Amino acid sequence: MRNLRVLGLDPGLRFTGWGCVELNDSKREHVNYIDHGVVSVPSVLSIEKRLKYLYVELVEVVKSINPAEIAIEEVFVNNNGNSTMKLCMARGVVMLVPAMLNIDVTEYSANCIKKTVTGNGHADKIQVRNMVRKILSMNELDESTTKSDSNDALAAAICHVHHMPL
């Protein structure tokens, strides 16, 4: 089996997390950490310029990572309609980037990602972070190295590796 590179994305208008892993065997036992980060969109920009900024930066990330597939965490809808609408705009941009680059996208609910990574669909962020670090042998990194956005993106990528057909 060839190595399969998966990029996970955690959409957000202010912060969009990204994290890349690579599957190195058909048994899904050797998932290696590649890279992670956050696209930080300046909040002083108008909404259309924020969306453009997110698009341009995310295109650069995807091109530099060169993933075979992309996993995206589904949007969590909250009670604030305005915030949800802005988050959905960012999600549209996050889904547009791989479409423009002809890369397949799979979406996963937050509960599915958490259950896959921790065994508990209602795990908190600390449990998810700890398991992502354990799975990817990242124990030497301190908490400031992985923001929750990039950690959630790494979790989405790990989830995809375990759920995708080979």
Side-chain angles (χ1 to χ4, degrees), residues 6-21 34-65 67 69-101 103-133 135-136 138 141-164:
V6 176
L7 179 65
L9 298 172
D10 181 26
L13 187 56
R14 181 71 181 98
F15 301 107
T16 291
W18 59 271
C20 184
V21 300
I34 301 299
D35 201 359
H36 72 279
V38 175
V39 175
S40 299
V41 180
S43 58
V44 298
L45 298 176
S46 61
I47 189 73
E48 68 277 6
K49 288 186 177 156
R50 291 170 80 182
L51 294 170
K52 178 184 176 186
Y53 184 96
L54 176 59
Y55 179 83
V56 169
E57 293 297 311
L58 204 51
V59 165
E60 289 302 312
V61 168
V62 174
K63 283 182 175 180
S64 71
I65 295 292
E69 299 184 23
I70 292 181
I72 297 178
E73 183 176 331
E74 290 178 347
V75 170
F76 174 77
V77 179
N78 61 31
N79 293 334
N80 184 332
N82 193 33
S83 294
T84 299
M85 191 165 62
K86 287 179 180 177
L87 179 57
C88 287
M89 287 183 215
R91 181 177 179 272
V93 169
V94 168
M95 294 189 78
L96 178 64
V97 169
M100 295 298 291
L101 298 171
I103 302 170
D104 289 336
V105 172
T106 305
E107 295 180 86
Y108 296 96
S109 69
N111 284 356
C112 178
I113 293 169
K114 290 174 184 180
K115 186 168 179 75
T116 301
V117 173
T118 70
N120 174 5
H122 299 286
D124 63 27
K125 290 216 179 264
I126 293 170
Q127 290 171 304
V128 173
R129 183 196 70 216
N130 290 342
M131 284 307 296
V132 164
R133 288 182 181 174
I135 291 166
L136 300 177
M138 297 171 67
L141 298 177
D142 65 53
E143 280 139 43
S144 64
T145 309
T146 52
K147 283 186 145 185
S148 66
D149 304 290
S150 61
N151 193 69
D152 289 350
L154 285 167
I158 292 166
C159 177
H160 184 66
V161 164
H162 288 281
H163 287 274
M164 68 181 188

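The figures here come from the full heavy-atom set of this structure, side chains too, leaving out hydrogens, waters and symmetry mates. This structure is a prediction, so every number in the text was calculated from the model and none was measured. Throughout, residue positions are numbered sequentially from 1 according to the sequence presented.
Sorted by first and then second residue, the ring-ring contact (aromatic ring centres under 6.0 Å, His included) pairs involving residues 104-131 (not counting sequence neighbours) are Tyr108-His160, Tyr108-His163. Listed by first and then second residue, the salt bridge (Lys or Arg N to Asp or Glu O under 4.0 Å) pairs that reach into residues 53-62 come to none, sequence neighbours excluded. Sequence neighbours left out, the pairs with a member in residues 111-126 that pass salt bridge (Lys or Arg N to Asp or Glu O under 4.0 Å) are Lys125-Asp152.
At least one side-chain heavy atom of Ile113 sits under 4.5 Å from a side-chain heavy atom of Glu73. Between Pro67 and Ile103 there is a side-chain heavy-atom pair separated by less than 4.5 Å. A 4.5 Å side-chain heavy-atom check between Val6 and Ile70 finds every atom pair outside the cut-off. The closest side-chain heavy-atom distance from Val41 to Leu51 is not below 4.5 Å. Two residues are said to be in side-chain contact when any heavy atoms from C-beta on lie closer than 4.5 Å; Leu9 and Val97 fail this criterion. Side-chain contact between Asp149 and Thr16 is absent, with no heavy atoms from C-beta onward closer than 4.5 Å. At a threshold of 4.5 Å between non-hydrogen side-chain atoms, the residues Val94 and Leu54 count as touching. In this structure, the side chains of Thr106 and Ile72 stay at 4.5 Å or more apart for every pair of heavy atoms.
Partners of Ser64 by side chain to side chain contact (heavy atoms under 4.5 Å, CB included), not counting sequence neighbours: none found. With sequence neighbours excluded, no residue satisfies salt bridge (charged side-chain N to carboxylate O under 4.0 Å, His left out) with Lys63. Scored by the salt bridge (charged side-chain N to carboxylate O under 4.0 Å, His left out) test, Asp10 finds no partners at all (sequence neighbours excluded).
In this structure, Met100 CE and Leu58 CG are separated by 13.0 Å, a value rounded to the nearest 0.5 Å. Put simply, CD1 on Ile65 and SG on Cys20 are 4.5 Å apart, with the number rounded to the nearest 0.5 Å. For the atom pair CE (Met131) and CG (Asn151), the distance works out to 11.5 Å, reported to the nearest 0.5 Å. Taking CH2 from Trp18 and CG from Asp35, the interatomic distance works out to 3.5 Å, rounded to the nearest 0.5 Å.
Between the side chain of Arg14 and the backbone N or O of Ser40 there is no donor-acceptor pair closer than 3.5 Å.
In Leu45, the CG atom is crowded: over 12 heavy atoms of neighbouring residues, nucleotides or ligands sit closer than 6.0 Å.
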